[in-house]
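Just below is one structure, and these are the notes that go with it.
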Amino acid sequence: MGAQKKSATARVSEDQEELARNPLQAILLADSFATTFRPITLERPKVLLPLVNIPMIDYTLAWLESAGVEEVFVFCCAHSKQVIDYLESSRWSSQPNFSVTTIESHNSISAGDALRLIYERNVIHGDFVLISGDTVSNMSLTQVLQEHKERRKKDANAIMTMVVKKSKPSPITQQSRLGTDELFMAINPVTKQLLCYEDKAEHSKGFISLDKTLIADNPSIILHNDKQDCYIDVCSQEVLSLFTDNFDYQHLRRHFVKGLLVDDIMGYKIFTHEIHSSYAARIDNFRSYDTISKDIIQRWTYPFVPDILCGSSAIKVERQGTYRASDVTLSRSAHIGSFTFIGQGTKIGNDTKISHSVVGEGCTIGSNVTIEGSYIWNNVTIEDGCQLRHAIVCDGVIMKSGAVLQPGVILSFKVVVGQQFVVPAYSKVSLLQQPTQQDSDEELEYADNTSGTGELRYKLNGDIAADLSETAYELGTGGVGYIWSVFEGAQDEEWKHSVAPIPKDKLVKLMLDKDEDEEQLTQDGNVLSASGELKADSDDNGSEDDDNADSRDDYGFFEKEVEATFLRAVHENVKVDHAVLEVNALRLSYNMASVDCAGAIFYSMMKLAVESPHHSASELHRNAADIITKWVKLLKSFLHDIDEEIEVILKFEEMCLESAKEFAALFPQVLHLLYDKEILQEDAILRWADEKEGADESDKVFLKSSEKFVQWLKEAEEEDEDD
């Protein structure tokens, strides 16, 4: 026992000595090496774009500092001068015990090039955290670092640990809530070793190919499609040397991770660390920008939220998730809705309505303006009568009176939209002319950096004003800017990765295509489960008990999926029609009936009511009434006859006895509410009451509590018959 205690003490001492010798370091890639944020990133680096009015890189650095990192090397290439100037003038230039050093390059065109240059500088002296500057997290690094170090002591080939988080993709779009493609990971459930990483699966095939040696070498493998890659990696120094030895390694996942997984000569291994209650996500496209912004406003990223990062004196948090700076000028008739941020010095006119949006600093917003689900950056002018829905408006933009932005529009810096002009959905508008399809990423993102200005002048020929005047008509009278066209074959990427909700007609088409694919796969003999795992052929000799157990398990998973879909609809203000499509897709995926959907939706509604703040039974009833009233159409979409309505009553009884006992005393009132909202018909309630009459006394508790209401219905029915 004493020896064991001494050994443990010795290990702690060794770890402390190692930390003293090698303080925890991080490499932060300030370049995204991607084009998903064009045209905005042709003028400003992605990491300096505002995320709820705070530059993205500030969230990343604030988290690294809180997690115990002492030294950060920020690699920047495109617009490097902007990044360096910002960091030098920010609080990060003088933090005690937290140094931020920039490494600049004008020749690197990939993450691989960046890591090779850092290796040459010889600045990394031990294990390090590898992250991009567009990552938001509040996780602790303690456990993942400990796991990584322990593995290294036992196996020198364990050179990397990737952070992952559970995140089920949409069964319709095969995308995560961040707009990224469905990811398949094969993981050893015991060791957590990553065995396969596939982010470009061909769903039409209906299967994922695994090397048979994986099965031979690993007694247990789980193929996941419900994991999100957080793009937070704990790495050993060997990772940098491997990039130096292999110039084919350019992309971190596509080349490096996949390359190591298929390399059976060197024997290097990658492991995973799954987080559960913590937050971690990367802004990879406009949809993830929208999703993560909403998560920040709803405080899932706490303590990295605007009022704390900016200082509580500068930003106040008000009711319904509204953030407002202290010096906002707001007309009395203006309405600021829930989950909205209003920045310093902004002025808002009469009868203007803003909801689920972010408005930056120094903006002037006129009267009778409607802004919904949009991101207005700094010093923007929006004149009277404008309408904006699910759009991004960059610094210095002017929208003249009556202008309209349809969903998905991106207005880059200093664009002017003419009076009464309607910018079509998913348009990208810039003062820069659109690059041709043949232009490479390197030419566009990293050209012309040798000047040191970091600003791209690649597509502007001669005088800017003269050049733009020729095409000003594109944005109406007085408009200034170019509307970029969508290249052939890229239309789907626009609405899939937009800040706007996916249109109903697109979801319907995806569902129809999915049905056709599944029908074809069934004919071909391939069975793909709802979780994305291949199921073996069923055993005809299997017992009926096993089948029933599987059925119960399937419904449990289905109910959780429906609940997650419903909560996402609530928090992201998803339209009811879209939520119906999502639940329908789950129904098809799990082979459930409409009544199963209705039961799961009702369960989700009641659970949300219980989990919402309340201090009395009357407040709980009000919660339920508000939720049911708002989502009545969703529930009624899956109730087609009396029998299905009775199932909802039985589901409510079950909840009152088990998972939501607080509702037991409110059973008659909620039953009456469902009747008033025309969710339950009179016949359904009376038939339920008749069927309960012959039941045991213990099974008639809720019938007895509802006696007055049931009697009232019976009397009303008799009066109707007499008439």
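In what follows, every heavy atom counts, from backbone to side chain, and hydrogens, waters and symmetry copies are set aside.
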- Y375 side chain vs S293 backbone, donor-acceptor pair below 3.5 Å: no

- Message: Can you give me the closest heavy-atom contact between A280 and Q228, atom names plus distance?
- Response: O-NE2, 2.9 Å

- Note on the structure: Hits for side chain to side chain donor-acceptor pair (under 3.5 Å) against K677, two or more places apart or cross-chain, chain-then-number order -> T629

- Sort and list the pairs that fulfil salt bridge (charged side-chain N to carboxylate O under 4.0 Å, His left out) and have at least one residue in residues 287-296, not counting sequence neighbours. R177-D295, D290-K294

- Query: So, the side chain of K227 versus the backbone of S167: is there a donor-acceptor pair under 3.5 Å, distance only?
  - Reply: no

- Any donor-acceptor pair under 3.5 Å linking the side chain of W63 with the backbone of M139? yes

- Item | N623 side chain to A609 backbone, donor-acceptor under 3.5 Å | yes

- Excluding sequence neighbours, so at least two apart, what forms side chain to side chain donor-acceptor pair (under 3.5 Å) with H273? E147

- Which atom of T301 lies closest to which atom of N138, heavy atoms considered: C-ND2, 3.5 Å

- Item | Main-chain N/O of H571 paired to Q298 side chain as donor or acceptor, under 3.5 Å | yes

- Are Y279 and Y302 close enough that their ring centres sit under 6.0 Å apart? no

- Please work out which of the three classes, parallel, tilted or perpendicular, describes the rings of F709 and W712, given edges at 30° and 60°. parallel

- Item | For D641, all residues meeting side chain to side chain donor-acceptor pair (under 3.5 Å), sequence neighbours excluded | none

- Task: Taking ring pair (Phe, Tyr, Trp, His ring centres under 6.0 Å) as the test, write out the residues that go with W631, two or more places apart.
- Result: F566

- Message: Using the ring centroid of each side chain, check whether H497 and F286 are separated by less than 6.0 Å.
- Response: no

- Message: Tell me if a side-chain donor or acceptor on S288 pairs with a main-chain N or O of N285 at a distance below 3.5 Å.
- Response: yes

- Scan side-chain atoms only and decide if N350 and S331 contain a donor-acceptor pair under the 3.5 Å cut-off. yes

- Between the main-chain N or O of G337 and the side-chain N or O of T322, is there a donor-acceptor pair closer than 3.5 Å? yes

- Query: Quick one: side-chain contact (heavy atoms from CB on, under 4.5 Å) partners of K192, sequence neighbours excluded?
  - Reply: R151, T272

- Query: Taking all atoms of both residues into account, what is the closest heavy-atom pair of K633 and D577, and its distance?
  - Reply: NZ-OD1, 2.9 Å

- Task: Look only at the side chain of T340 and the backbone of I336, and say whether a donor-acceptor pair between them is shorter than 3.5 Å.
- Result: no

- Which salt bridge (charged side-chain N to carboxylate O under 4.0 Å, His left out) pairs, counting each pair once, include a residue from residues 649-664, with sequence neighbours left out? E559-K651, E653-K692

- Query: How would you list, by chain and number, every residue that makes a side chain to side chain donor-acceptor pair (under 3.5 Å) with E644, sequence neighbours excluded?
  - Reply: none

- Item | Residue pairs fulfilling ring pair (Phe, Tyr, Trp, His ring centres under 6.0 Å) with at least one residue in residues 599-618, sequence neighbours excluded | F602-F652

- Query: Side chains of Q175 and E182: is there a donor and an acceptor less than 3.5 Å apart?
  - Reply: no

- H578 side chain vs I502 backbone, donor-acceptor pair below 3.5 Å: yes

- Residues two or more places apart in sequence or in another chain: which of them pass side-chain contact (heavy atoms from CB on, under 4.5 Å) with S357? I354, I371, S374

- For E372, salt bridge (charged side-chain N to carboxylate O under 4.0 Å, His left out) partners two or more places apart: R389

- Query: Where is the tightest heavy-atom contact between L405 and A391, given as atom of each residue plus distance?
  - Reply: CD1-CB, 4.0 Å

- Item | salt bridge (charged side-chain N to carboxylate O under 4.0 Å, His left out): pairs with one or both residues in residues 622-632, sequence neighbours excluded | none

- Criterion ring-ring contact (aromatic ring centres under 6.0 Å, His included) on F702 and F667, from CA distance to verdict: CA-CA 7 Å; F702 299 112; F667 187 91; 4.8 Å; yes

- Task: Compare every heavy atom of M185 with every heavy atom of D229, then report the nearest pair and how far apart it is.
- Result: CB-CE, 4.3 Å

- Donor-acceptor contact present, side-chain Q406 to main-chain A425, <3.5 Å: yes

